[in-house]
Every structure is written in C-alpha cells, then in structure tokens.
Participant: 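For reference, the structure I am asking about is given below.
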2 protein chains.
Amino acid sequence: MSLQKLKQRALTNPDVKAEYEKLESEFNLIDQLLSMRTKAGLTQEQVAERMQTQKSNISRLEKGNANPSWSTLLKYAHACGFELSLKPQKIV
Amino acid sequence: MSLQKLKQRALTNPDVKAEYEKLESEFNLIDQLLSMRTKAGLTQEQVAERMQTQKSNISRLEKGNANPSWSTLLKYAHACGFELSLKPQKIV
DNA sequence: AGCGGAGTTATCATATGTGATAACAAGATT
DNA sequence: AATCTTGTTATCACATATGATAACTCCGCT
C-alpha cells in the first residue's frame with residue numbers, strides 16, 4: 001500500500017481527519033505567525049517587548065499547541081508591523 | 001472644529017487610539033464572522049449545531065466583546081463552509 | 001390573540017489562554 | 001573556556017473564553 005493510499009484511508013476515519021485538519025491549520029497559523037516575525041526581522045524578545053509580555057510566551061505561541069485568542073493574534077501582528085483580518089476561503 | 005479634526009486629535013492620545021483600533025478590529029472580526037454565516041445562509045442555531053454548541057454562544061460571539069480563540073474561529077468558519085487563514089497587511 | 005423561529009442576554013461551572021519567572025540548550029563570538 | 005544571544009521548556013497563579021441552561025424580545029404568520 002502506498003503512503004498516499006494509507007493517508008487517504010486514514011483520513012476516512014472522522015476522528016483522524018479532525019485531528020489531521022486541526023494539526024494542519026495549526027501548522028498554518030504558526031507558519032503565518034513566524035512569517036510575520038521574520039519579515040519584520042524581529043527576535044522573539046523584541047516582539048515580546050512590543051506586546052508587553054515575555055519572550056517565553058512568544059516561544060509558546062510559535063512552538064507548541066498554539067490556540068491564541070484574537071486579541072493575542074492582533075497584538076502579535078501589530079508588534080510585527082501588520083494589520084490583521086481573516087481570510088476565509090470557501091470550501092468546494 | 002470639524003468632526004474629522006476632532007477624531008484626528010483624539011487619536012493622538014495613545015490610549016484612545018489603542019481603544020479605537022481595538023474596537024475597529026473587533027468590529028471587523030465580527031463583521032467577517034457574520035459575513036461568513038450570511039453567505040452560508042445559516043441561522044445561529046444551525047451554526048451552533050455544526051459546532052456542537054449552543055446558539056446563545058454563537059450570539060455571544062457575534063454580538064458582544066468577542067475575543068475568540070483560533071480554534072473557535074476555525075470551528076465557526078468550518079460550520080459556515082470556509083477554510084480559514086490569517087490575512088496580514090503590512091502597515092505603511 | 002396566539003404561535004413559532006431567530007436572536008439576545010444573564011448566569012454559572014469549567015476549561016484553557018496568558019503573564020511571569022526561572023532554568024536550560026544551542027550557536028556565535030571573544 | 002567563557003560569555004552573550006536567541007529560543008525552548010516547565011511551572012504556577014490568574015484572567016478569560018467556552019459550554020450549558022433558562023428566560024426574554026422581536027417579528028412574521030395564521
């Protein structure tokens with residue numbers, strides 16, 4: 001069985017699928033956060049200062065299981081010099 | 001003094017400005033949430049079902065002082081048939 | 001007038017995000 | 001080797017988001 005087949009089969013399990021999508025979107029979110037920071041050329045500590053918090057909290061945001069609130073996302077984005085809104089894409 | 005002038009002057013106060021921007025982005029967020037739901041043609045109750053929660057919680061999301069977590073935003077978007085990512089816009 | 005659908009508000013218990021501190025790891029620099 | 005920078009991890013206390021229930025308003029309909 002190919003890897004693709006295996007993945008596809010696994011994803012027919014609703015629970016697995018949910019977890020997968022959760023991970024995927026989390027990855028995307030983290031990816032987008034990091035992208036903002038690197039584009040701004042800032043360190044975690046610098047972002048932390050601008051957000052009036054600690055660098056460890058920024059690491060937590062970017063590293064593990066991030067489920068930040070909207071206001072935290074806003075603060076982070078602003079610290080990196082970005083305005084923020086949602087980008088909803090219709091699922092086909 | 002014109003209204004514009006007054007607004008402009010008020011916004012030179014950092015605290016006022018922060019509050020203003022907070023309100024503005026909150027409005028935008030709520031606006032975007034509502035937009036998704038109406039585009040999907042769903043009632044709050046239908047969205048609530050799909051999110052496995054109560055309609056009152058959806059109302060709270062759309063109505064007052066919303067500061068939802070990313071996972072809540074994802075659930076809401078999915079319930080409305082949307083995928084979700086951030087849209088950062090560089091501040092000039 | 002009465003009814004049903006849609007949305008709002010208040011409230012409580014619980015889960016979880018966030019702030020803060022400290023200690024550690026890995027690389028670069030001197 | 002010693003130091004500094006950057007990022008990571010663990011932990012605790014506290015703030016706040018979320019789930020759930022109930023009662024309410026408003027509006028269109030019969």
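The structure displayed is predicted, hence computed values, not measured ones. Proteins come first, then strands; the chains are lettered A, B, ... in the order of their sequence lines, and each starts at number 1.
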Participant: Mind calculating the distance between CD (Glu45(B)) and P (dG4(C)) to the nearest angstrom?
Facilitator: 14 Å
Participant: Rounded to the nearest angstrom, tell me the gap between atom NZ in Lys75(B) and atom P in dT18(D).
Facilitator: 8 Å
Participant: Please report, rounded to the nearest Å, how far the P atom of dG19(C) is from the CE atom of Met51(A).
Facilitator: 6 Å
Participant: Give, for atom CG of Leu74(B) and atom OG of Ser85(B), the distance between the pair rounded to the nearest 0.5 Å.
Facilitator: 9.5 Å
Participant: Between dA20(C), dA20(D), dA17(D), spot the one nearest the side chain of Gln54(A), thanks.
Facilitator: dA20(C)
Participant: dT18(C) P sits how many Å from Trp70(A) CH2, rounded?
Facilitator: 13 Å
Participant: With a 4.0 Å cutoff (strictly under), does any side-chain N or O of Ser69(A) reach OP1 or OP2 of dT18(C)?
Facilitator: yes
Participant: Which is more 5' along DNA chain D, the nucleotide nearest Leu61(B) or the one nearest Thr43(A)? Just name the residue.
Facilitator: Thr43(A)
Participant: Would you mind reading off the distance between Asn67(B) atom CG and dA15(C) atom C1', rounded to a whole angstrom?
Facilitator: 16 Å
Participant: If you restrict it to nitrogen or oxygen atoms, what contacts under 3.5 Å exist between nucleotides 8-15 of chain D and the protein, and what is each distance?
Facilitator:
{"residue": "dT8(D)", "atom": "OP2", "partner": "Gln44(A)", "partner atom": "NE2", "Å": "2.6"}
{"residue": "dT8(D)", "atom": "OP2", "partner": "Ser59(A)", "partner atom": "OG", "Å": "3.2"}

Participant: In this structure, how many angstroms lie between the P atom of dA17(D) and the CG atom of Leu73(A), rounded?
Facilitator: 13 Å
Participant: Taking atom CZ of Arg50(A) and atom CG of Leu42(A), what is their separation to the nearest 0.5 Å?
Facilitator: 4.5 Å
Participant: Taking all non-hydrogen atoms of both residues, which atom of Asn67(B) and which atom of Ser71(A) are closest, and how far apart?
Facilitator: OD1-N, 2.7 Å
Participant: Between P on dA6(C) and CG on Leu42(B), what's the gap in Å once rounded to a whole number?
Facilitator: 11 Å
Participant: Is any side-chain heavy atom of Leu33(A) closer than 4.5 Å to a side-chain heavy atom of Leu73(A)?
Facilitator: yes
Participant: Looking at Thr53(B), I'd like to know whether one of its side-chain N or O atoms comes within less than 4.0 Å of OP1 or OP2 on dG19(D).
Facilitator: yes
Participant: Under 3.5 Å, sequence neighbours excluded: what are the donor-acceptor pairs made by side chains of residues 51-59 of chain B?
Facilitator:
{"residue": "Thr53(B)", "atom": "OG1", "partner": "Asn57(B)", "partner atom": "ND2", "Å": "2.8"}
{"residue": "Asn57(B)", "atom": "OD1", "partner": "Arg60(B)", "partner atom": "NH2", "Å": "2.9"}

Participant: Rounded off to whole Å, could you give me the OH-to-P distance for the Tyr76(A) and dG17(C) pair?
Facilitator: 17 Å
Participant: How many angstroms lie between atom CG of Asp31(B) and atom CE of Met36(B), to the nearest 0.5 angstrom?
Facilitator: 10.5 Å
Participant: Which distance, rounded to the nearest 0.5 Å, do you find between the OH of Tyr76(A) and the CG of Leu84(A)?
Facilitator: 11.5 Å
